[in-house]
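Notes follow once the structure below has been shown.
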Amino acid sequence: MIREKQFAINEKGYSIQCRIIADTDLREYDRAVLCTHGFGSNKDIASITRFAEKETAKYKRDAVVAFDWPAHGKDARKKLELPECMEYLTIVVNYVKDVFHARHVFIYSVSFGGYLTLKYIAETGCPFEKIALRCPGIHMYDLMRKNFTPDELEKLRKGKEILAGYERKMKTDQKLLDGLKASDVTKYEYFDYADQMIILHGTADTVVPMEDSRAFAENNVISFLPVEGADHTFRDPKKMDLAIHTIIEFFAPDN
């Protein structure tokens, strides 16, 4: 029976809103899979739930842990700051190791979460045994700029804050764009992690170009799997199930 619990990690002045999904009531899990969502999304989306249910049904001693990025979902912060995103990921990784005693930590990241995962690996190190990315925002600076109108970009340039997002609006400023531009993940090499990583991308994605992922994967000798007809969010349940099945098999203990 799949069980879910919402909890918060309160450290360093942050209160990181998390959820854990598992097949058992164990307090310790040998393997933990972190799930990170995209820009403007949250930890409670159906695609994370679907993945977690299938992962924990197959690997009954696994736990899937998802959390809200800063200024997303139920997070208390109002402004999106890249350094805080890195801090959140560090705190969650340490938590599953120290509290759940997970000896094996994997990550499944989508879109903006995929970009943040790559940034984290390049700049902080890689605590993950396996990494699965779906439609990662490889050129996140360019993608973020597309969210803003010319007037909004001018306000940012003048040092003003603007609101961005979808259901929940968050404050953003020029520092965010400057940080994204400086942290260009294509500047780094990921050869050391290539065998631990796969990238999936829908061929019908109109939000994040599939060719960005393909070129990034080829440049770093990472396994790349195009999913025919899938859009950015993999709204087609069959295509989503295909992606989930592929990732779960990649996370298999003997792979």
Side-chain angles (χ1 to χ4, degrees), residues 33-41 47 51 69 80 82-83 85-86 88-90 93 104-148 175-234 239-240 242-252 255:
V33 181
L34 304 188
C35 284
T36 76
H37 60 78
F39 179 77
S41 188
S47 59
F51 167 80
W69 290 118
L80 180 61
L82 281 182
C85 292
M86 298 294 96
Y88 274 35
L89 190 49
T90 296
V93 168
H104 309 281
V105 182
F106 304 155
I107 193 165
Y108 167 29
S109 294
V110 176
S111 195
F112 179 57
Y115 162 79
L116 291 174
T117 298
L118 290 170
K119 171 180 165 65
Y120 188 87
I121 291 169
E123 298 176 359
T124 306
C126 184
F128 312 112
E129 287 192 17
K130 294 179 183 178
I131 305 122
L133 307 178
R134 177 164 63 80
C135 306
I138 301 298
H139 297 288
M140 201 65 226
Y141 170 73
D142 295 329
L143 295 170
M144 189 67 74
R145 280 178 58 89
K146 290 179 182 178
N147 284 316
F148 304 137
K175 186 169 67 173
L176 174 67
L177 286 180
D178 292 344
L180 292 172
K181 189 173 185 180
S183 296
D184 178 357
V185 297
T186 64
K187 296 188 304 183
Y188 305 110
E189 293 182 345
Y190 295 83
F191 299 121
D192 290 344
Y193 316 110
D195 292 341
Q196 306 164 230
M197 193 181 304
I198 59 169
I199 299 176
L200 297 88
H201 209 120
T203 62
D205 189 341
T206 58
V207 177
V208 178
M210 184 190 71
E211 291 308 316
D212 290 354
S213 287
R214 186 195 298 278
F216 178 83
E218 289 178 352
N219 289 339
N220 290 281
V221 201
I222 297 167
S223 294
F224 176 71
L225 299 147
V227 180
E228 191 63 37
D231 62 7
H232 185 64
T233 60
F234 278 55
K239 292 175 173 50
M240 178 61 78
L242 173 61
I244 289 173
H245 172 78
T246 301
I247 293 166
I248 289 175
E249 289 302 307
F250 180 64
F251 287 166
N255 280 354

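Here the structure is a predicted model, which means the values were calculated and not measured.
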Pairwise ring-ring contact (aromatic ring centres under 6.0 Å, His included) hits with a residue in residues 114-135, at least two apart: none
Where Ile247 and Phe51 come nearest, the two heavy atoms and their spacing: CG2-CE1, 3.8 Å
Over all atoms of both residues, closest heavy-atom pair of Thr203 and Gly229: OG1-N, 2.7 Å
Atom pair CG/CG of Leu143 and Leu180 - distance to nearest 0.5 Å: 9.5 Å
Partner residues of Ser109 under the side chain to side chain contact (heavy atoms under 4.5 Å, CB included) criterion, sequence neighbours left out: Thr36, Ile107, Thr117, Leu133
Summary of salt bridge (charged side-chain N to carboxylate O under 4.0 Å, His left out) pairs that have at least one residue in residues 110-119, sequence neighbours excluded: Lys119-Glu123
Straight-line distance of Thr186 OG1 to Tyr141 OH, nearest 0.5 Å: 13.5 Å
Pairs flagged by salt bridge (charged side-chain N to carboxylate O under 4.0 Å, His left out) wherever residues 213-223 is involved - sequence neighbours left out: Glu211-Arg214
Donor-acceptor contact present, side-chain Tyr188 to main-chain Ile121, <3.5 Å: no
Backbone N/O of Leu82 and side chain of Lys175: donor-acceptor pair under 3.5 Å: no
Stepwise side-chain contact (heavy atoms from CB on, under 4.5 Å) check, Leu80 with Cys85: CA-CA 8 Å; Leu80 180 61; Cys85 292; 3.8 Å; yes
Contact list for residues 224-234, test salt bridge (charged side-chain N to carboxylate O under 4.0 Å, His left out), sequence neighbours left out: Asp231-Arg235
Of all pairs that satisfy salt bridge (charged side-chain N to carboxylate O under 4.0 Å, His left out), the ones with a partner from residues 134-147, not counting sequence neighbours: none
Note, Ser47 side chain near Phe234 side chain (heavy atom, < 4.5 Å): no
Minimum-distance pair of heavy atoms, taken over all atoms of Phe216 and Ile199: CD2-CD1, 3.7 Å
Asp178: partners by side chain to side chain contact (heavy atoms under 4.5 Å, CB included), with sequence neighbours left out: Gln174
With Phe106 via ring pair (Phe, Tyr, Trp, His ring centres under 6.0 Å) - residues at least two apart: Phe251
Distance (rounded to the nearest 0.5 Å) between Leu118 CG and Ile222 CD1: 7.0 Å
For Phe148, all residues meeting side chain to side chain contact (heavy atoms under 4.5 Å, CB included), sequence neighbours excluded: Met144, Glu152, Leu153, Leu156, Ile162, Ala164, Thr172, Leu177
Nearest-0.5 Å distance that lies between atom CG in Asn220 and atom CD in Glu189: 7.0 Å
Any residue meeting side chain to side chain contact (heavy atoms under 4.5 Å, CB included) with Asp212, in chain and number order, not counting sequence neighbours: Ile138, His139, Pro209
For His104, side chain to side chain donor-acceptor pair (under 3.5 Å) partners two or more places apart: Glu129
Donor-acceptor contact below 3.5 Å, side chain Trp69 vs main chain His37: yes
Contact list for residues 195-214, test ring-ring contact (aromatic ring centres under 6.0 Å, His included), sequence neighbours left out: none
Lys130 (side chain) donor-acceptor with Ile198 (main chain) under 3.5 angstrom: no
Among Ser111, Ser213, Cys135, Pro226, side chain to side chain contact (heavy atoms under 4.5 Å, CB included) partner for Asp205: Cys135
